[in-house]
Amino acid sequence: MTQDLYSDARLYDLLFPASKAAVDFYRAEADGRGGHVLELGCGTGHKLIPIAADGHPSVGLDLSLDMLTEARQKADERGVFVEWQQGDMRDFDLDNEFDLIFIAGNALLHLHEADDIVQCFRAVRRHLAPGGRFAFDVFNPNVRLLADADGVRRPRTSFTDPGRGDVHVDVADAYDAAAQVTRGTWHFSTDSEPDFQTVSIEVRSIFPQELPVLLAHAGLRLVERLGNWDGSPFGADSSTQLCICESAAWS
């Protein structure tokens with residue numbers, strides 16, 4: 001039976017461990033802005049809990065109760081307070097303004113329709129404090145890799161599960177060019193338990209030229225786009241679009 005990856009927070013953390021470079025980047029952004037911080041699609045709190053531990057009043061919003069439960073437990077274990085909220089990043093009202101709002105780890109790409117992305121950006125704009133910044137990271141689509149997403153199952157990665165041992169992950173990805181969505185089925189196996197779990201993941205590609213247009217439709221402006229966590233400029237060969245935005249005047 002295939003399930004949504006985000007219904008298994010423990011598996012998610014094993015598959016996608018926290019990136020120190022990403023954590024450090026968003027912590028620096030929070031320190032530079034000061035004030036209140038909001039993370040949309042916060043998952044299990046990889047990035048927001050360290051930010052809150054630095055002393056920033058923090059709110060984390062996610063659609064998955066399983067992920068929020070794991071995040072709350074992690075924060076409690078560290079003695080860190082975060083306000084966790086279940087909600088949809090396309091339509092939320094927290095009755096507050098934030099000096100930094102961010103969406104990390106490609107979470108934005110779970111919105112497949114352009115209208116949904118714009119709706120999310122508009123909600124962000126409504127919640128930005130004067131002078132506030134909006135930051136997010138999404139991958140830079142590689143057309144060669146997208147063309148190879150042909151639905152064939154191939155080995156992708158592996159990790160160690162304390163309860164199961166070495167886990168091998170096979171992935172069958174298929175790219176829908178018309179929708180700009182890659183639909184993947186991820187198969188998890190050990191030597192003794194082949195395909196003990198199967199999960200589905202669907203992510204949209206946002207190409208570099210369309211991104212500023214989507215932001216502009218929501219009253220936001222792209223201030224800076226980096227190509228890596230080290231601050232290197234964005235270019236054709238960059239794997240990441242690391243974007244810093246602000247509110248723009250409505251035309």
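Excluded from the calculations below are hydrogen atoms, water molecules and symmetry mates; all remaining heavy atoms, backbone and side chain alike, are included. Treat the numbers as computed from the prediction; the structure is a model and nothing was measured.
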Non-hydrogen side-chain atoms of [X] and [Y] separated by less than 4.5 Å:
X      : Y      : result
Pro208 : Gln241 : yes
Arg164 : Phe188 : no
Ser158 : Asp166 : no
Arg225 : Ser238 : no

Steps toward side-chain contact (heavy atoms from CB on, under 4.5 Å) verdict (Leu109, Thr182): CA-CA 10 Å; Leu109 301 181; Thr182 300; over 6 Å; no
Donor + acceptor pair across side chains of Asn140, Ser239 (<3.5 Å): no
Modelled atom types, side-chain donor and acceptor of Asp230 and Ser232, under 3.5 Å: yes
Could you tell me whether the side chain of [X] and the main chain of [Y] form a donor-acceptor pair under 3.5 Å?
X      : Y      : value
Glu29  : Ile244 : no
Arg33  : Gly131 : yes
Asp137 : Gly105 : yes
His110 : Glu202 : yes
Asp66  : Ala9   : no
Glu193 : Thr190 : no
Arg156 : His187 : no

Please answer: with hydrophobic residues joined when any side-chain heavy atoms are less than 4.5 Å apart, are [X] and [Y] in the same cluster?
X      : Y      : result
Met67  : Leu40  : yes
Phe25  : Phe134 : no
Ile49  : Ile51  : yes
Leu242 : Ile101 : no

Between [X] and [Y], what is the shortest heavy-atom contact and its length?
X      : Y      : value
Cys42  : Leu68  : SG-CD2, 3.7 Å
Leu63  : Gln86  : O-NE2, 3.1 Å
Asp8   : Gln197 : OD2-NE2, 3.1 Å
Arg122 : His217 : NH2-O, 3.0 Å
Leu14  : Pro162 : CD2-CD, 4.1 Å
Arg204 : Phe139 : O-CZ, 3.9 Å

Verdict with supporting geometry, Cys243 and Phe234, side-chain contact (heavy atoms from CB on, under 4.5 Å): CA-CA 10 Å; Cys243 302; Phe234 176 76; over 6 Å; no
Between [X] and [Y] (salt bridge meaning N to carboxylate O under 4.0 Å), is one present in this structure?
X      : Y      : answer
Arg153 : Asp195 : yes
Asp13  : Lys74  : yes
Asp161 : Arg10  : yes

Check: Phe92 ring centroid to His127 ring centroid under 6.0 Å: yes
Parallel, tilted or perpendicular: rings of Tyr6 and Tyr12 (30°, 60°): tilted
Chi angles and distances behind the side-chain contact (heavy atoms from CB on, under 4.5 Å) call for Leu211, Val138: CA-CA 10 Å; Leu211 198 152; Val138 294; 4.2 Å; yes
Leu111 vs Phe121, side-chain contact (heavy atoms from CB on, under 4.5 Å): CA-CA, chis, key distance, verdict: CA-CA 11 Å; Leu111 305 180; Phe121 287 166; over 6 Å; no
